[in-house]
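Order of the sequence lines sets the chain letters (A, B, ...), proteins ahead of strands, with each chain counted from 1.
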Amino acid sequence: MKKIEAIIRPERLQEVQDSLDELGVSGLTVTDVVGCGRQKGYTEQYRGTSANISLLPKIKVESVVPDGISEQAIEAIVSGAYTGEVGDGRVFVYGVEQAIRIRTGETGEDTVRHEMAEGWGH
Amino acid sequence: MKKIEAIIRPERLQEVQDSLDELGVSGLTVTDVVGCGRQKGYTEQYRGTSANISLLPKIKVESVVPDGISEQAIEAIVSGAYTGEVGDGRVFVYGVEQAIRIRTGETGEDTVRHEMAEGWGH
Amino acid sequence: MKKIEAIIRPERLQEVQDSLDELGVSGLTVTDVVGCGRQKGYTEQYRGTSANISLLPKIKVESVVPDGISEQAIEAIVSGAYTGEVGDGRVFVYGVEQAIRIRTGETGEDTVRHEMAEGWGH
Amino acid sequence: MQGMEPTLNDALSRIDTLWVVVAGVLVFFMQAGFLLLEVGFSRMKNAGTVVAKVIANLSIAALCYWAVGFALAFGGTGWFAGTEGTFLGTIEQGAFPAMEFSTAAVPAKFFFQLAFCAVSLAIVWGTTLERIKFGAYLIYAVVFSSLIYPVISHWIFGGGWLQASFGMQDFAGSTVIHLIGATGALAALLLLGPRQGKFGKDGTPNVIPGHSMPLMGLGVVILFVGWFGFNAGSTLSVADGRFAEVAIVTVIGAAGGVLGAMAMSYSLTRTFDIGMTGNGVIAGLVGITAPSGYVEYWAAVPIGVVAGVLVVRSIIAIERLVDDPIGALSAHGVAGVWGTLACGLFTAPRLAEYNAIGEGGLFYTGSFEQLGVQALGVTAAFLSVFALSLAVFYLIKSTYGLRVGVDDERRGLDIVEHGMWGYPEQFMPVPGSEYHPPNTPGARAGALALPLTARAQEG
Amino acid sequence: MQGMEPTLNDALSRIDTLWVVVAGVLVFFMQAGFLLLEVGFSRMKNAGTVVAKVIANLSIAALCYWAVGFALAFGGTGWFAGTEGTFLGTIEQGAFPAMEFSTAAVPAKFFFQLAFCAVSLAIVWGTTLERIKFGAYLIYAVVFSSLIYPVISHWIFGGGWLQASFGMQDFAGSTVIHLIGATGALAALLLLGPRQGKFGKDGTPNVIPGHSMPLMGLGVVILFVGWFGFNAGSTLSVADGRFAEVAIVTVIGAAGGVLGAMAMSYSLTRTFDIGMTGNGVIAGLVGITAPSGYVEYWAAVPIGVVAGVLVVRSIIAIERLVDDPIGALSAHGVAGVWGTLACGLFTAPRLAEYNAIGEGGLFYTGSFEQLGVQALGVTAAFLSVFALSLAVFYLIKSTYGLRVGVDDERRGLDIVEHGMWGYPEQFMPVPGSEYHPPNTPGARAGALALPLTARAQEG
Amino acid sequence: MQGMEPTLNDALSRIDTLWVVVAGVLVFFMQAGFLLLEVGFSRMKNAGTVVAKVIANLSIAALCYWAVGFALAFGGTGWFAGTEGTFLGTIEQGAFPAMEFSTAAVPAKFFFQLAFCAVSLAIVWGTTLERIKFGAYLIYAVVFSSLIYPVISHWIFGGGWLQASFGMQDFAGSTVIHLIGATGALAALLLLGPRQGKFGKDGTPNVIPGHSMPLMGLGVVILFVGWFGFNAGSTLSVADGRFAEVAIVTVIGAAGGVLGAMAMSYSLTRTFDIGMTGNGVIAGLVGITAPSGYVEYWAAVPIGVVAGVLVVRSIIAIERLVDDPIGALSAHGVAGVWGTLACGLFTAPRLAEYNAIGEGGLFYTGSFEQLGVQALGVTAAFLSVFALSLAVFYLIKSTYGLRVGVDDERRGLDIVEHGMWGYPEQFMPVPGSEYHPPNTPGARAGALALPLTARAQEG
Ligand SMILES: Nc1ncnc2c1ncn2[C@@H]1O[C@H](COP(=O)(O)OP(=O)(O)O)[C@@H](O)[C@H]1O
Ligand SMILES: Nc1ncnc2c1ncn2[C@@H]1O[C@H](COP(=O)(O)OP(=O)(O)O)[C@@H](O)[C@H]1O
Ligand SMILES: Nc1ncnc2c1ncn2[C@@H]1O[C@H](COP(=O)(O)OP(=O)(O)O)[C@@H](O)[C@H]1O
């Protein structure tokens, strides 16, 4: 299993979700973060004083996927997150040693394989 | 050392904390996240229009533990987080290459071994 | 590549950012978290009732760096985050299998090497 | 538009009418105070429902009090209830004898009394926050404003048995408005039980602080301001400048309440609890409400201070037994009882005579008589309202239900009862509410861009 | 300081003056209500701009209405517009004949009418939230308060053709204030278009809830309170206690609006929508505004209920077509039309006579005449304001621009137009606003430290 | 209840009494404005303490001003201070000669003047936010409301040397209320120093924006509304409709202040700063306060505009030197000085005569005399208050301490001084405040569940 961790623009989340959905990725976890990289922040003026804002809001999307579809998942994320402007973000990939589904106690790749959702409306 | 990362229901945090405490896990870090998996979100009606909410609030608990107690730690988390309903969440395990305690400069497994707490009341 | 993950005091973020900047680290991602370790929380009194607050606010700083500078990066973080009091936090290091820059599609260590910033003022 | 030339008496009556309407507007404004108090003392997930509740209650009270309430309360001097004036069908002064001492026009008096009824109803809900079903508000509001409040207020304000036969003193309603409201609140609370998580497994209370002390504080200041209409308006007249004196007594009482509560809060917990400070204002005001037209300035100091001390001690004591999120039992109930009894201690004989109700208090006359009357009034009002309210809430509980389900309480009343949070951006992804930083380098920075770009290039 | 001894007439005039000033203050206070309503219905990133907008608009209205607006509206009985009294250059009663029935001093009348103009202007902006350029406010405000509002209000309030020749009834401005405002709002909306993301690719609307129902609710209660000045103040006089009766009609109408809206909201969506409840109050109040001086108490019930039902249905219907974040078209426009027409149905002949304007309504007289007049008035006002406003907004759009850029809209108006968010700590790292826990073990815990330390050692 | 039939003079006096009480209520309401202004300009961690502060200060002011303040301020015509009327022991008009021109009852006058004292005290604290010790408020409040404010206000309002011997004009208190308050604020600030992090290592100021512009804005509108009581109420009488004229002058001055501030803010920073807009209102109002009873309408325009321009320039200049979070030195101090001097320029001779104080201003008379008097008054008030306040704060600093510890300042005053945050859910895990999504599939979605389930199955 691989954990794919993507830092993306907040406004691209929906697209990334959609492309992962299409691929049949079984689940993902999203965190609000701030970051800097090539894109370096900006300056606001307030009451004649200037404020430097050095960290910009980003979204971190994490999904643990079976080894087999990790390449496709990365592509899906990149295609969803891409705008071509500085600040589009990064994807990092890590090895996962074990995965457990709390509800069932299942372990291993099965827990992160695609399944039919229980249904909207919960 | 292993990093144990659990995505759980917000209302089970206290139980998970308590079971890790009992085990003597030395520390943990908690993040607010949202996610989807089998549990797929829901729909609200507002002024005659419906809104689909596709990501549900979850809590991420991370703890780096010595290799020796990682199995027990996972069990502790699973037992604390379990309700049996869809949406209980997952536990993922990763390898950790190094750990440093900033205050002392110590490195290695010692930094994440159980110790007596400095005392409540800070 | 290594991912360096540091849990630090909120008020030390600026210093940590500054020391990483000096080293020429290309980017970082910051998350608000709460945690406990040796430092165990505290008690508030409110209307005659007492409240125990068991998790304290911390900041998580993550940066993926080329293998070559990981030691220096750790030192930079430790020096920025150090106060000597309980609660200074930890640094954990993980292996990274792959990195992709979304904007360009580049992969590998190149994506996390130091480069001139695109310029302030975005 | 008028047949006859207005006379001096018309002018005097118009002045009274004007004051009564203005005071009524101030009392209506207190709804904003209660709204903010309850919002501030709720958690974020239950903040929106308060808005719908306050508006719905006010509306129900308006219609019911107009239809029958006012007639029951003031329409004649029956010992139990009045009868004249349903739907405000008459505006003869003689039809409302208990208010005939004032020359203000009857519609102005109705307007003022309606605002009072709505205040008393608003007080009821302070104990029920964060778990009651919305429909329960609506049902009880109908009964309260058509029946419970009008009848009991008739006894004390409208010429009923406590006022006419015993001379019970309650200038602006420590009992009539505040104790009645708080008694309804107690009945509701006993049938509702505490919020989930309020008491630990061992029965010790947990802290569930409200989400916004600033909104709470604004509410308190608005209530303070509204109270000038409440107390000083209860003169129903501007004769002799008495209403200005009542306003001063009110400020002094409130000030005493604050200092009493802060001192007590500090001595018990070593901090000046913000909520307790707010409760101190309310308690001081509630305490001085009954005596405000009967006492000299100096007496407002002890009345206020004792109210402030009582409210803090009472909240801390009650906190261990039941779950009253806002402190209504203490601020309106305990302080309301104290204020009513305080007349029996502090009423100046000259003012009893001026108002032509009751006697001077113990400290002037050495007699316990007025104090006894006050105690009787408090007891009668409490028992009657408690019995009636308990019955109504019991009926609601056994039919419609009083409390939302366990899961719904966890999710919060806003989303469960109203389909949307009061603070949506705190709970759900609102389209476009994710944060967007500026995109074009240097676009906004203007003259500042240069040095900063330079800095960024160095860094 | 005065030459002659004051007479009874002076006293009567002073009372009227006092009431008109106090009512004017209440109407000014409604600005706080509009501010909160718009803040509450905006997303957090656009909450601050509302503050600057409300203050700037009020200021512009004050200067323009003083300079020319009041003269156009009330300075003489020309069929189209008045002429006397620019810069309030005269305070002769005779110069403002349409208000001569009241003995209140002219400056008091000016103060009151200025507050009305500012309310009408405030209503315009409800549809434009979260995307309009700030400068557009300023430009339109000048034209509106110098020209559009004064001229149209002259027709109906100031003795112009609709009032003088047709006897159109609009006691406090369902048409003059609310429909005029809402018509400007419609013109602005049509040229602005919806907010980004309001409609999906398939044209179905998305939910963009406002960020704070508590602030919205406070705004509604403030508007309610201010409305007592608005309607009851429109008597411009305290004669006969009519102003108190108007206040009562107003409360009943609002109550009807709330119950109508809540019932409709519940029957359509199975929840008591909080925003709809607020809109119900406003609709009830807007609906009863024109009839408030013309109808009996009972008539306020159907007028209010229908307004409440209409506002909910209208908001849901409009939601599918255009993007009106606050529901202004429904609450002020639809309910304004309804209120004005309601005079044609419910006006009591005795009150038409009392006010010396128009006739009794259909339900009394069986004649459609007054209803026809009301319909004519609504149509004339709507068409005139719509044409003028569309022209002005079109000019603004084709020169200065009406809407911020796509990216700026995403970032939010606060940071883009004002250089700082309305809630900075929600969007940027404010120095010192990161959270700092206590550092010294046991420092605060006092007596509590012991058992807790013990507990920690076990854990 | 009264022996004699009331006369026309009684009626006239009642009208004045009514206005003075209503105006006093409006001025009391300004406390809500100050509360919100300070809350809005604080960071979240320091928002709650403001509530406790405002309530405690108001209470202390009430008791001290009643006990001795009013007597010092108005109880006789001594050049330095009055003596009669401690504890409001007399209500003879003759005991308070400086207000004898009004026929309002003495208790009404007391009520009004008490509200003024509380406003001046509230102004003091604007500079001290986010670092002062809570006890310092309490100590200074006692001295200020028993001594500093009463004596200095006696000089200018109460018939003391500046008013009686020099004819200094200050209609409603640009100097007496605002400059006195701001001078206390300056003394406190100089001994307190800036907030941590306000100035960088190189001395350049950092931006520490307040956390809520909506609450700030609401506060400003409330202050605006309250100011009608403040200025127009200072007539203490409704004779001749002067109070309505004063209200109009006030609106125009405020409007000028807003436009001046917005223009200046835009020309300096290319944005319409929200806080500056708010400061513009305040500055316009403070500037017009002294002249409001002395100038013609037109003069309010330049007075307001200059105040608005000054406040922006002054805030930006002061920002580089000291740390005044709310801009109190500029909005109340600089604008207060300007407003007082403006009388020396713009006072209309007819109004000087009407008020029987001083002469016409430079632009009418060509004489610098009145301007000189105004400058003298400003200087005397400033120096006296500054010396006294510095002494008091110095004593506090060297005994009890003026500022919380470094760590406590970081943690925030709410938790440190009051044991709980003003916004607990932003800082700590409140039981039950974690978010709970619905659990049962399809439970709420009703008719909508079907298509969505379908959609989910596809996705
Ligand atoms: N080396 C890194 N380690 C961790 N996060 C990074 C790293 N580099 C970039 N990021 C994250 O990715 C975001 C976007 O990166 P940035 O360099 O600004 O844009 P781009 O990827 O288009 O060059 C940053 O704000 C940061 O959160
Ligand atoms: N493959 C995954 N990668 C990352 N996070 C996941 C993954 N699958 C599930 N999660 C997280 O776990 C949460 C619960 O998972 P879900 O599938 O809804 O319930 P269950 O685990 O009971 O089947 C999700 O909301 C998401 O945050
Ligand atoms: N084993 C661990 N796993 C994950 N996070 C940890 C661990 N130990 C500590 N932390 C994080 O580091 C923070 C500081 O650690 P703590 O033990 O309190 O101080 P110190 O590192 O100075 O001994 C904790 O609040 C927690 O967020």
Problem - Under 4.5 Å from any heavy atom of chain F - which part of E:Leu18 - result: both
Practice task
Considering non-hydrogen atoms only, spot the tightest contact between E:Val21 and F:Ala244 and give its length.
Solution key: CG2-CB, 3.8 Å
Handout entry: Heavy-atom closest pair, residues F:Lys45 and E:Gly432
Key = NZ-O, 2.5 Å
Exercise for the section: Sort out for me which of E:Val22, E:Leu58, E:Val39, E:Leu88 touches chain F most, counting heavy-atom pairs under 4.5 Å. Expected result: E:Leu88
Problem - Approximate separation, where rounding is to 0.5 Å, of E:Arg14 CZ and F:Arg14 CZ - result: 15.5 Å
Handout entry: Residue among F:Glu245, F:Glu409, F:Met216, F:Met213 with most heavy-atom pairs under 4.5 Å to chain E
Key = F:Met213
Fill in the blank from the handout: Whatever's closer than 4.5 Å to a heavy atom in chain F on E:Phe112 counts as neither
Practice task
Can you tell which part of E:Val50 gets under 4.5 Å to a heavy atom of chain F, answering side chain, backbone, both or neither?
Solution key: neither
Exercise for the section: List the steps and the verdict of side-chain contact (heavy atoms from CB on, under 4.5 Å) for F:Val251 and E:Trp66. Expected result: CA-CA 10 Å; F:Val251 182; E:Trp66 167 62; over 6 Å; no
Practice task
Find the distance between CD1 (F:Ile252) and CG (E:Leu114) and round it off to the nearest 0.5 Å.
Solution key: 8.5 Å
Handout entry: Derivation and outcome, side-chain contact (heavy atoms from CB on, under 4.5 Å), residues E:Glu5 and F:Leu8
Key = CA-CA 11 Å; E:Glu5 275 303 297; F:Leu8 177 58; over 6 Å; no
Handout entry: Aromatic ring proximity F:Phe29/E:Phe29, centre distance under 6.0 Å
Key = yes
Practice task
Measure distances from E:Ile55 to the heavy atoms of chain F and classify the residue's part below 4.5 Å as side chain, backbone, both or neither.
Solution key: both
Practice task
Look at F:Gly241, F:Ser212, F:Gly197, F:Gly280 and state which one has the largest set of heavy-atom pairs under 4.5 Å with chain E.
Solution key: F:Ser212
Handout entry: Contact origin within E:Thr49 toward chain F - heavy atom pairs under 4.5 Å
Key = backbone
Exercise for the section: Identify which part of F:Met262 has an atom lying under 4.5 Å from any heavy atom of chain E, answering side chain, backbone, both or neither. Expected result: side chain
Handout entry: Side chain / backbone / both / neither for E:Phe134 at chain F, heavy atoms under 4.5 Å
Key = side chain
Problem - Over all atoms of both residues, closest heavy-atom pair of E:Gly419 and F:Thr271 - result: N-CG2, 3.9 Å
Exercise for the section: Can you tell which part of F:Glu296 gets under 4.5 Å to a heavy atom of chain E, answering side chain, backbone, both or neither? Expected result: neither
Fill in the blank from the handout: Pair count under 4.5 Å, heavy atoms only, with chain E: among F:Thr277, F:Ile274, F:Val221, highest is F:Ile274
Problem - Which portion of F:Phe243 sits near chain E, non-hydrogen atoms under 4.5 angstrom - result: side chain
Practice task
Compare every heavy atom of F:Pro214 with every heavy atom of E:Val51, then report the nearest pair and how far apart it is.
Solution key: CG2-CA, 3.9 Å
Completion exercise
Rounding to 0.5 Å, atoms CH2 (F:Trp298) and CZ (E:Phe87) come to a distance of 12.5 Å
Completion exercise
In terms of heavy-atom contacts, F:Met44 and E:Glu425 come closest through N-OE2, 2.8 Å
Practice task
Determine, step by step, whether E:Leu63 and F:Leu259 satisfy the side-chain contact (heavy atoms from CB on, under 4.5 Å) criterion, reporting the C-alpha distance in whole Å, the side-chain angles of both residues, the deciding distance to 0.1 Å, and the verdict.
Solution key: CA-CA 10 Å; E:Leu63 295 178; F:Leu259 300 186; 3.4 Å; yes
Fill in the blank from the handout: Given E:Ala47, E:Gly48, E:Gly422, the one with more heavy-atom pairs under 4.5 angstrom with chain F than any other is E:Gly422
Fill in the blank from the handout: Whatever's closer than 4.5 Å to a heavy atom in chain F on E:Ser13 counts as neither
Practice task
Describe, in one word, how the ring planes of F:Phe228 and E:Phe111 are oriented to each other, choosing from parallel (under 30°), tilted (30 to 60°) and perpendicular (over 60°).
Solution key: perpendicular
Exercise for the section: Return the option, out of F:Val301, F:Val238, F:Leu26, with the maximum number of heavy-atom pairs under 4.5 Å with chain E. Expected result: F:Val238
Completion exercise
Taken to the nearest 0.5 Å, the spacing of E:Leu12 CG from F:Ile15 CD1 works out to 8.0 Å
Handout entry: Ring geometry between F:Phe272 and E:His418 (parallel below 30°, tilted from 30 to 60°, perpendicular above 60°)
Key = tilted
Exercise for the section: Identify the heavy atoms of F:Ala254 and E:Ser59 that sit nearest to each other, and give their distance. Expected result: O-OG, 4.4 Å
